[in-house]
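Written out below as structure tokens is the structure these notes cover.
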Amino acid sequence: MPRILHTMIRVGNLDRSIEFYTKVLGMRLLRREDYPDGKFTLAFVGYQDESEGAVIELTYNWGVDHYEMGNAFGHIAIAVPDAKAACDEIRARGGKVIREAGPMKHGTTVIAFVEDPDGYKIELIERP
Ligand SMILES: C[C@@H](O)C(=O)SC[C@H](NC(=O)CC[C@H](N)C(=O)O)C(=O)NCC(=O)O
Ligand code: NI
């Protein structure tokens, strides 16, 4: 049965991103690998091992500290038991909440949005 393994995002500062995904969002750094021939480093972060759940692949191209975000990519979604409490905790840990918890526009699902250090959007979806 195929399954989603990871979503890859390019980041401008790997340590900054690892710090955010582990310390602010509570993920684990699962593995980090340098590819000197390609001048890039990969770091995988997530809540479960890669054999158990989808993860985020942080790609750092050496010397590239900024990417144009454009308007096509949407977000990565995380399930949380209480979206408001999650926003409060993320703020307390220094994270940036860009959309407070509440029912989504045109719908009823309770969501919130957080922005990562590069400006990628992380959606918190309330799943009690
Ligand atoms: C169900 C949950 O996973 C969602 O992502 S719905 C969130 C909702 N999405 C949209 O409105 C998509 C259309 C929009 N025009 C777009 O291109 O992003 C959303 O972002 N709602 C915003 C809000 O504040 O509720
Ligand atoms: Ni979504």
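Numbers for residues simply follow the sequence, beginning at 1.
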Exercise. Within a strict 4.5 Å, meaning less than it, do heavy atoms of the Val114 and Arg99 side chains meet?
Worked result: no
Set of residues satisfying side-chain hydrogen bond (donor to acceptor under 3.5 Å, both in side chains) with respect to [X], sequence neighbours excluded:
| X | result |
| --- | --- |
| Lys96 | Glu115 |
| Glu100 | Arg91 |
| Glu126 | none |

Problem set entry | For Leu42, the rest of its hydrophobic cluster, which grows through side-chain links under 4.5 angstrom | Leu30, Tyr35, Phe40, Phe44, Val55
Problem set entry | Residues that, via side-chain heavy atoms closer than 4.5 angstrom, fall in one hydrophobic cluster with Phe113 | Ile98, Met104, Ile111, Ile125
Taking atom [atom1] of [X] and atom [atom2] of [Y], what is their separation to the nearest 0.5 Å?
| X | Y | atom1 | atom2 | answer |
| --- | --- | --- | --- | --- |
| Arg10 | His66 | CZ | NE2 | 14.0 Å |
| Arg31 | Glu33 | CZ | CD | 6.5 Å |
| Glu89 | Leu124 | CD | CG | 12.0 Å |

For this session: Decide whether Tyr47 and Leu29 are clustered together by the hydrophobic rule: side chain heavy atoms of Ile, Leu, Val, Met, Phe, Trp, Tyr closer than 4.5 Å, transitively.
Result: yes
Exercise. Would Trp62 end up clustered with Leu58 when hydrophobic side chains under 4.5 Å apart are linked, directly or stepwise?
Worked result: yes
Just jot down the salt bridge (charged side-chain N to carboxylate O under 4.0 Å, His left out) partners of [X], sequence neighbours excluded, or say none.
| X | value |
| --- | --- |
| Asp49 | Arg28 |
| Arg16 | Asp118 |
| Asp37 | none |

Using distance only, find each side-chain donor-acceptor pair of residues 19-26 under 3.5 Å and give its atom names and separation, not counting sequence neighbours.
residue, atom, partner, partner atom, Å
Tyr21, OH, Asp116, OD2, 2.7
Thr22, OG1, Ile18, O, 2.6
Thr22, OG1, Glu19, O, 3.4

Problem set entry | Exercise: identify the closest heavy-atom pair between Val97 and Cys87 | CG2-O, 3.7 Å
Problem set entry | Chi angles and distances behind the salt bridge (Lys or Arg N to Asp or Glu O under 4.0 Å) call for Arg32, Asp15 | CA-CA 11 Å; Arg32 178 174 177 155; Asp15 290 334; 3.0 Å; yes
Exercise. Residues in ring pair (Phe, Tyr, Trp, His ring centres under 6.0 Å) with Tyr67, at least two apart?
Worked result: none
Using a 3.5 Å cut-off and no angle test, enumerate the donor-acceptor pairs between side-chain atoms of residues 71-81 and protein atoms at least two apart in sequence or in another chain.
residue, atom, partner, partner atom, Å
His75, NE2, Glu123, OE1, 2.9

Exercise. Lys84: what forms a side chain to side chain contact (heavy atoms under 4.5 Å, CB included) with it, not counting sequence neighbours?
Worked result: Asp82, Asp88, Ala101
